[in-house]
2 protein chains.
Amino acid sequence: MSASERVVPEGARRRRRPTKQGTVLSEQLIVETALRLIGEHGAAALTVRRLGAALGCDPSALYRYFRDTDELLLAVADELIGRTLRTWRPTGDWRADLRTLGLRMHADYLAHPQAATLTCARVTGRAHEIRSVEAILGVLRGAGFPDAEAVRIYHVFVDQTLSFAALDASTLVLSEQARAQEVQTWPQTYARLPADTHPNIAATAGVLVAEMDRSGYPAALEMVLAAAATRLQHVRTPAL
Amino acid sequence: MSASERVVPEGARRRRRPTKQGTVLSEQLIVETALRLIGEHGAAALTVRRLGAALGCDPSALYRYFRDTDELLLAVADELIGRTLRTWRPTGDWRADLRTLGLRMHADYLAHPQAATLTCARVTGRAHEIRSVEAILGVLRGAGFPDAEAVRIYHVFVDQTLSFAALDASTLVLSEQARAQEVQTWPQTYARLPADTHPNIAATAGVLVAEMDRSGYPAALEMVLAAAATRLQHVRTPAL
DNA sequence: GTTCACACGTCAACGCTGTTGTCATAAGGT
DNA sequence: ACCTTATGACAACAGCGTTGACGTGTGAAC
């Protein structure tokens, strides 16, 4: 039997057989346990053996549910997307809708930084992700963007949100002292550079220290939304 | 002897003893070989054993030069930063300068994805980084952006470039088959969704498949530059 | 009810990984 | 020429993902 034939799709499962330790496995339970493991003990804690131990089953039992660890990771990623999307409702104002969705996705991923660094870059092709793509495209096309434009803006919006989430999450995962040192680099190193050798840094030192202390995502999102709005005006009033 | 005591700083090395196969090790040679290994055989090829084999030495000999593989990767990353900025010269056209710098940084990081994913989020506070901050701020202030605005745009520009680089690099780090599957998800899964359940995806399927096949960074960069240009116009012609 | 196919958990094993303790030896200051 | 010790080699360990074989309990069929 090859590895891929070993996996039975979740919908087709009929026999639910408890493990030696009594737990009844399911795709849902495995994904939740994986997420919990990552949240409690860091991303490095997600190994097949540890996950098996946490679930009370043999590690190899997981291969009845996922072809390999990569597929398991995709399921974890999709679960995160689903949690974000579950409470979001579009209002009809495209700019406000994208703003709140972006900020919420960013925040939700940061709430699970270890999981975010592992999964932000992945295209899952699973249910929750598909729903989010459909929704965002709907918002943009409903606002009047032509198809090509809508797809391009969708791409920028989603990749920007995920990549900033991964970036910001990765700093949260650093060790306590590494993060502390990272934060202090701006006031300690940059704010003290002399004006004759580094005129631009010296002139903006105060603003620089304050700005670099927070995420650049909100400002980046605003700029992308502003550029999109400008583009929409051109589409609506062509050849002025 | 503990692991950290085993490492001798590069400057303090006195005895250069050739390995059994004749090569004379050095921090520089190890870093270069690691970069070559990544470039030739992919990120997965960078293991201590393979690196040892490529260098003609026992894997454990590397631990005389780096405390662990993480420290080795940081050394590789540091080498990368230097290479990126070395050839860039501002022309005086702020928008073109930022465009070429962003695209070049993005490309250079992608050429060494393993190092990129590990280092994109770090603030080093070292010479190369400081020079880049000074240069970018100089471009923006020279273009006429007020200090607060210049810092804000610098933040967005640099974080967006690094985060997209990390995102795109992380897909290159995936195993061969995982990446292949990721690419096929758009034509195989998304392009086949029926129009009645997923009207927006179905309507844009063709454009979607083409768009998602490449990085969103160039488009994102253009949108940020466009938003910045609009902002600059407002600053130059206040209170119209 | 009883039977029966097989889904699914378990076990053992493979080859890989990073890392370390110990030892031998050649380099280089004296 | 000696002696210290830096440094490379060797062997071993624990842990990793993954697979093939095995047996047992389940749910369906009759």
Side-chain angles (χ1 to χ4, degrees), chain A residues 1-27 29-30 33-34 37 41-74 118, chain B residues 1-27 29-30 33-34 37 41-73 114 118 173-178:
Chain A
M1 182 188 341
S2 90
S4 54
E5 293 165 4
R6 196 162 42 206
V7 176
V8 174
E10 183 69 9
R13 288 193 179 273
R14 319 195 128 269
R15 308 186 186 176
R16 319 234 64 135
R17 175 182 181 175
T19 72
K20 236 177 183 179
Q21 302 182 34
T23 47
V24 176
L25 296 180
S26 70
E27 199 173 298
L29 179 62
I30 295 174
T33 307
L37 220 52
H41 305 104
L46 187 59
T47 74
V48 188
R49 291 165 202 272
R50 265 198 272 248
L51 184 51
L55 282 162
C57 73
D58 190 88
S60 62
L62 300 173
Y63 290 84
R64 303 283 181 200
Y65 294 82
F66 301 97
R67 199 156 39 79
D68 49 29
T69 48
D70 194 79
E71 201 179 279
L72 165 63
L73 210 62
L74 289 184
L118 283 182
Chain B
M1 184 187 343
S2 89
S4 55
E5 292 166 3
R6 197 162 42 205
V7 176
V8 174
E10 183 68 9
R13 289 192 179 272
R14 319 196 130 270
R15 306 184 186 178
R16 320 235 64 136
R17 175 181 178 175
T19 72
K20 234 178 182 180
Q21 302 183 34
T23 48
V24 175
L25 297 180
S26 70
E27 200 174 296
L29 178 62
I30 294 174
T33 307
L37 219 52
H41 305 104
L46 189 59
T47 74
V48 187
R49 290 164 204 273
R50 267 197 272 249
L51 184 51
L55 281 163
C57 72
D58 190 87
S60 64
L62 300 173
Y63 290 83
R64 302 284 181 198
Y65 294 83
F66 301 97
R67 198 159 42 80
D68 50 30
T69 50
D70 196 77
E71 199 178 278
L72 165 63
L73 275 171
Q114 176 91 345
L118 201 86
V173 171
L174 295 176
S175 71
E176 191 56 43
Q177 73 172 29

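Below, read A as the first sequence line, B as the second, and so on, with proteins coming before strands; counting in each chain starts at 1.
A donor N or O paired with an acceptor N or O is not found under 3.5 Å between the base of C:dG9 and the side-chain atoms of A:Arg17.
Summarising the geometry, the separation between CZ on A:Arg64 and P on C:dT10 is reported as 11 Å, rounded to the nearest angstrom. One atom, CZ of B:Arg6, and another, C1' of D:dA9, lie 13 Å apart when rounded to the nearest Å. Put simply, CG on A:Leu51 is 12 Å from P on D:dT18, counting in whole angstrom units. What separates CG of B:Leu25 from P of D:dT7 is a distance of 10 Å, to the nearest Å. A straight line from CG of A:Leu37 to P of D:dC16 spans 11 Å, rounded to a whole angstrom. Atom pair A:Leu62:CG and C:dG9:C1' shows a separation of 11 Å (rounding to whole Å applied).
Side-chain contact between B:Ile30 and B:Phe66 is present, with at least one heavy-atom pair separated by less than 4.5 Å.
Note that the CD atom of B:Glu27 and the CZ atom of B:Arg64 stand 15.5 Å from one another [nearest 0.5 Å]. To the nearest 0.5 Å, atoms CZ (B:Arg16) and CG (B:Leu25) are separated by 8.5 Å.
Applying the side-chain contact (heavy atoms from CB on, under 4.5 Å) criterion to B:Leu73, with sequence neighbours excluded, gives B:Leu46, B:Gln114, B:Leu118.
Between A:Tyr65 and C:dC8 there is no side-chain polar atom (N or O) within less than 4.0 angstrom of OP1 or OP2.
Positionally, the nearest nucleotide of DNA chain D for B:Pro18 lies more toward the 5' end than for the other of B:Pro18 and A:Pro18.
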Please encode protein proximity along nucleotides 11-18 of chain C as a string of B, S and -, counting only heavy-atom distances under 4.0 Å.
B-----BB
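Contact annotation for B:Phe66: no contact, since no heavy-atom pair falls under 4.0 Å across all strands.
B:Thr33 places no side-chain N or O within donor-acceptor distance of the main-chain N or O of B:Leu55, the cut-off being under 3.5 Å.
Applying the side chain to side chain donor-acceptor pair (under 3.5 Å) test to pairs two or more places apart or on separate chains, none has a residue in residues 42-53 of chain B.
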